[in-house]
> 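Below is one structure. I have some questions about it.
Here the structure is a predicted model, which means the values were calculated and not measured. For ligands, and for the atoms within them, numbers begin at 1 and follow the listed sequence. Values reported hereafter were calculated over all heavy atoms of this structure, with side chains retained and with hydrogens, waters and symmetry mates removed.
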Amino acid sequence: MFESSIYKQRRAALLEAMRAAGQHGIMAFLGNSDVTSQGTHGSVFRFHQDSAWVYFFGVDRPDWAAIMDLDSGEEKMYADDVDLDDIVWMGPQTPVAEMAAWTGVSASAPMSQWFADVQRAVGNGRRVHFLPTFRKHNLLRLAAAAGQDAVASEEMTKAVIGLRLIKQECEIEELDKAGDLGFRMHEIALNNLRPGAYEDEIAALMEYFAKSNAWGLSFETILTQHGETLHNSASHKQIEKGNLVVVDAGVESLEHYVSDHTRTYPSSGKFTTRQREIYQIVLDCHEQAFSQIRPGITYRQVHLNTVHLMLEELQALGLVKGDVDEMVAKGIGGLFMPHGLGHNMGIDVHDMEEYGEDLVGYDPDQTRAKQLGLGNLRMARKLVPGHVITDEPGIYFIPALIEKFKKEGLGYGFVNYQALEGYYDFGGIRIEDDILVTPDGARRLGHHRLPATVEEIEAAFRQ
Ligand code: GLY
Ligand code: MN
């Protein structure tokens, strides 16, 4: 946990934002509960706390709740102190009142009182604000307390997004730490990747590092020779000579801040000509995007500029042909990069997307495109200092997608399908770093950078 002043300041800022938006009533918070795999408490999955709870209260224990009163400014935390049976199974636990005090809240009560207090607010005709949640258990608890028809508060959601999008100094420190750990974890991949090794064997070594040096992984590691499948987890496949291997992985720190890096390596340590050509395009796109990230530009524009460069360079290879502006407008970029340039990152790897991708990633005056590629952009906002985003362009040759474009005429005469047939067995390439927007530009998070150029990667394999 951070110092209690951090949590107090965050809650004060939320209260102020809600009041400034003219809101009244109460804000109800729920932390997460344990989730069992087999229905008994001998089989719980590793506990993972709710991200908003981490942000505003910090207590990293299951079954906590809180209420903030928008009108009186009172705050109360709720959880049950353990009984003897709990002590037998779980050991002694810090008393609830003491833990609440750590987070700067002086009032506490048993969990049953949270339901009663929310119900009383509803009964008194007061508005109950709460955040969207993807945890079914919390949905059920919210419905039990606030009523079946209660819906998440858009005002509260927007206020929380407004705060969490702009990272504080203490968060940037944590993100740097996570970046350093992510770097070391990726080095394990680099050091163990060779023909004959198994994808899941390398992923397991990485996970061992993540669990012994941090909370664990920030998401299930993508480590695959089929990089054209965007989210392909490591499987029990042996790495073969001559393949490209996409390694997309991150660490979650003990304070629950994350990293998310991607590198693509030639399994034999040396790129073939064809692999190098495509790799260089992706790297040029990644570097150009990084050079353009600064306050004032929208990430939508950086995405579009990236796609523009990608198509220009693919044109030089003869894979597309025609006016590049027109190609960008027609969405030809989506054939090669069917995802966006990046996403927000922080406590969650796709930060806060459970609140709605558009609310998190789009300014009120921006509308999300429908097109493949641009429409998949998760972060389009005008950049401001404190934003933390990923810069992760990729080029993928997805036979089914190419065939669809061909059959449905979606290439509008720009795509050289005949040349693309030679790439059906190519796979995909993605390069990703985590970026902090600073007052005068941007910097990468973490103090080291994974090898990125062709020369750096081939040199790393020779060591
Ligand atoms: N690293 C996984 C993703 O960004 O979707
Ligand atoms: Mn990512």
> Enumerate the protein N/O/S atoms at a distance below 2.8 Å from the Mn ion (ligand 2), ignoring waters.
D260 OD2, H343 NE2, E392 OE2, E432 OE2
> Can you confirm whether the side chains of Q288 and D284 place a donor and an acceptor under 3.5 Å from each other?
no
> With H343 as reference, evaluate E357, E392, E353 under the side-chain hydrogen bond (donor to acceptor under 3.5 Å, both in side chains) test and give the passing residue.
E392
> For atom 3 (C) of ligand 1, what's the nearest protein heavy atom and its distance?
H350 NE2, 3.2 Å
> Kindly confirm or rule out a cation-pi arrangement of R61 over W53, judged by NZ or CZ under 6.0 Å from the six-membered ring centre and within 45° of its axis?
no
> Scan E173, R10, E174 and name whichever one has a side-chain hydrogen bond (donor to acceptor under 3.5 Å, both in side chains) with Q168.
R10
> Among protein heavy atoms, which sits nearest to atom 5 (O) of ligand 1, and what does the distance come to when rounded to 0.1 Å?
H231 NE2, 2.7 Å
> How close do I188 and N192 get, heavy atom to heavy atom, and via which atoms?
O-ND2, 2.7 Å
> State, with a plain yes or no, whether a side-chain heavy atom of V246 is found less than 4.5 Å away from one of H226.
no
> Dump the intermediate steps for side chain to side chain donor-acceptor pair (under 3.5 Å) on N243 and S267, then the final yes or no.
CA-CA 5 Å; N243 281 350; S267 64; 5.8 Å; no
